[in-house]
Amino acid sequence: MDTRKFSFDILKKIESEDVFVGEVLDMALRHLQFNDKRDRAFITRLVEGTVERKISLDFLIDKFSKNAPDVNARIILRMGIYQIKYMESVPDRAAIDESVKLVKTIGLSGREGYVNAVLRKVAALKEEKKLDSLLVSRMDVRYSTPQWLCNLFVKVYGKDNAKLILEDQFTEHDTVIRINSLKTNKQELKKLFEDKGITVKDGILSDRCLRISGYDSIRRLPGYKEGLFVVQDETSVYTVEHAGIKPGDKILDMCASPGGKSMLAYELSCDADKVGTIVSRDISENKISLIIENADRLNIPERFVDEANLEKYQPGVNVEIFDATELDEDILKFTESERFDVVIVDVPCSGFGIIGRKNDIKYHVTPESLSSLAEQGLTILRNASKYVKKGGHICFSTCTINPTENGHVVRAFLEDSNDFSIIEERTFIQGIDGSDGFYYCVITR
């Protein structure tokens with residue numbers, strides 16, 4: 001197959017529709033699930049890398065272009081430069097020739113010479129070992145990250161730590177999975193993976209987690225269809241483990257999709273004698289469908305709750321559509337004993353803690369959006385405080401390392417909530433703590 005043309009089409013869709021690379025790439029690769037493994041790996045590397053390094057690549061394109069190229073030529077140049085600079089398995093000559101060929105394939109008449117000339121200049125600088133000195137001249141170019149975000153990390157964490165944070169996005173990470181202890185155990189799952197030649201390491205934060213590498217596709221892993229595990233970072237698992245969940249508890253997960261925290265909450269709330277009641281909510285039918293899909297695969301009992309089915313929540317996972325920013329007047333009618341033992345509040349955020357796994361988040365967030373995200377998080381936290389019973393816990397978390405969206409939100413909440421106090425609080429920083437960047441705070445009433 002023409003892997004470069006296939007990659008171009010994906011990149012063109014991302015560029016023209018301003019969508020996230022993960023969504024488009026995953027859908028595209030599903031159509032290629034029976035194609036050669038090497039083709040899928042090449043497409044994944046080229047698409048993700050081209051997006052991840054977009055600022056650096058555009059810097060070089062603009063440096064060697066008299067006039068700004070149209071969108072199609074720019075995408076081809078990004079792809080070509082990425083192969084020359086970052087894909088050692090691709091000879092420079094092949095990267096140039098295939099890029100020129102792609103120009104013809106998509107019908108960019110008259111642009112072959114331009115693309116050839118720009119790529120030859122980049123290859124020549126690489127040969128002369130002068131390319132790196134160009135790319136390290138500016139922090140935003142060096143780390144292919146908007147300058148305002150580089151400045152934010154420097155301001156909050158200092159220049160040395162900011163460099164570690166920014167460098168981490170280009171480090172290859174193991175995939176972290178959480179073992180479904182309702183169906184298997186660590187020893188059995190490790191053996192199942194190792195028998196298939198998959199590299200397996202223990203988690204560093206949770207005994208429920210394994211770190212794996214050397215596999216083709218998550219959906220093709222042994223035990224996936226059987227629900228023996230779920231992909232979930234250790235910071236997320238660790239957070240739920242520290243939320244104070246006990247067997248038989250009643251738990252509300254306010255922003256639950258795709259359901260990893262809800263499913264773990266269910267595991268923790270069950271023992272031989274008691275079964276927990278989980279209310280797993282999110283804002284749309286699409287998000288709710290992901291929770292139901294995960295519950296079904298993990299063989300966890302779930303039921304959909306809607307306006308026509310308003311009986312009291314039952315043991316298991318109760319899934320319903322609800323906007324966490326809206327105050328639920330029905331819960332306010334609950335007696336004290338009917339309210340929740342634990343409320344999980346993983347609020348929408350900038351995602352700066354996971355830019356290594358979602359490499360285009362940095363392009364979709366603006367400085368102006370950070371304050372509105374913080375305000376939204378505070379609204380959700382204040383709503384959560386109305387749902388938790390006395391002596392209960394709120395577990396507030398974000399997958400960002402921006403204090404404006406997490407620690408500052410908690411302090412603002414506590415200023416006018418005298419009956420709440422912090423039990424535990426922690427920030428994990430990528431590139432330093434060996435995990436995703438993540439914040440959590442357990443608050444008790």
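Each residue takes its place number in the sequence, starting with 1. Hydrogens, waters and symmetry mates play no part in the numbers below; they use all other heavy atoms, side chains included.
Between the side chain of R53 and the backbone N or O of R78, no donor-acceptor pair lies under 3.5 Å. Judged by distance alone, with hydrogens and angles left aside, the side-chain atoms of E234 form a donor-acceptor pair with the main-chain N or O of I204 at under 3.5 Å. Under a 3.5 Å cut-off, the side chain of T398 and the backbone N or O of C349 do not form any donor-acceptor pair. In this structure, E226 contributes its side chain and G223 its backbone to a donor-acceptor pair below 3.5 Å. Between the D282 side chain and the I288 main chain, no donor and acceptor come within less than 3.5 Å of each other.
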Show, in sequence, the C-alpha distance, side-chain angles and deciding distance for E405 and Y439, and conclude whether the side chain to side chain donor-acceptor pair (under 3.5 Å) test is met. CA-CA 10 Å; E405 300 172 72; Y439 168 91; over 6 Å; no
Residue pair R178, D233: steps toward the salt bridge (charged side-chain N to carboxylate O under 4.0 Å, His left out) verdict: CA-CA 8 Å; R178 175 177 60 78; D233 192 72; over 6 Å; no
Evaluate Q232 against S236 for side chain to side chain donor-acceptor pair (under 3.5 Å), listing each step before the verdict. CA-CA 7 Å; Q232 186 174 7; S236 173; 3.0 Å; yes
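Between the side chains of E48 and T44, no donor N or O sits under 3.5 Å from an acceptor N or O. Judged purely by distance below 3.5 Å, without hydrogens or angles, the side chains of Q314 and T277 never pair a donor atom with an acceptor atom. Using modelled atom types and a 3.5 Å distance limit, the side chains of E320 and S280 yield no donor-acceptor pair. Between T235 and S435, the side chains place no donor N or O within less than 3.5 Å of an acceptor N or O (distance only, hydrogens not considered). When only modelled atom types and interatomic distance are considered, Y313 and E338 share no side-chain donor-acceptor pair under 3.5 Å. In summary, the side chains of T325 and D323 do present a donor paired with an acceptor at a separation below 3.5 Å, with no hydrogens or angles considered. Residues Y143 and R138 bring no donor and acceptor atom of their side chains to less than 3.5 Å of each other. With 3.5 Å as the limit, one finds no donor-acceptor pair spanning the side chains of K183 and N299. Residues Q83 and R4 have side chains that bring a donor and an acceptor to within less than 3.5 angstrom of each other.
In summary, the aromatic rings of F193 and F229 are positioned with their centroids under 6.0 Å apart.
Salt bridge present: D416 and R382 bring a charged side-chain N and a carboxylate O closer than 4.0 Å. Taking 4.0 Å as the cut-off between side-chain N and carboxylate O, D132 and K126 do not count as a salt-bridged pair. A salt bridge links E336 with R445: the closest approach of a Lys/Arg side-chain nitrogen to an acidic carboxylate oxygen falls below 4.0 angstrom. In this structure, E241 pairs ionically with R208, as a charged nitrogen and a carboxylate oxygen lie closer than 4.0 Å. Salt bridge annotation for D253-R281: absent, with no cationic side-chain nitrogen under 4.0 angstrom from a carboxylate oxygen. Between K13 and D9 there is no salt bridge, since no side-chain nitrogen of the basic residue lies less than 4.0 Å from a carboxylate oxygen of the acidic one.
Two residues are said to be in side-chain contact when any heavy atoms from C-beta on lie closer than 4.5 Å; D328 and N383 fail this criterion. Between I432 and N161, some side-chain heavy-atom pair lies under the 4.5 Å cut-off. For the pair V240 and I245, the minimum side-chain heavy-atom distance is below 4.5 Å. With a 4.5 Å cut-off on side-chain heavy atoms, L134 and L60 count as touching. At a threshold of 4.5 Å between non-hydrogen side-chain atoms, the residues S269 and K246 do not count as touching. By the 4.5 Å heavy-atom criterion applied to side chains, C209 and I177 are not counted as neighbours.
Both tests do not hold together for K196 against Y215: distance to the six-membered ring centre under 6.0 Å, angle to the ring axis within 45°. R426 forms no cation-pi arrangement with F438, by the criterion of a distance under 6.0 Å to the ring centre and an angle within 45° of the ring axis.
Below 30°, between 30° and 60°, or above 60°: for Y238 and Y440 the angle between ring planes is above 60°, a perpendicular geometry.
Each salt bridge (Lys or Arg N to Asp or Glu O under 4.0 Å) pair with one or both residues in residues 164-174, not counting sequence neighbours, appears once here: D174-K201.
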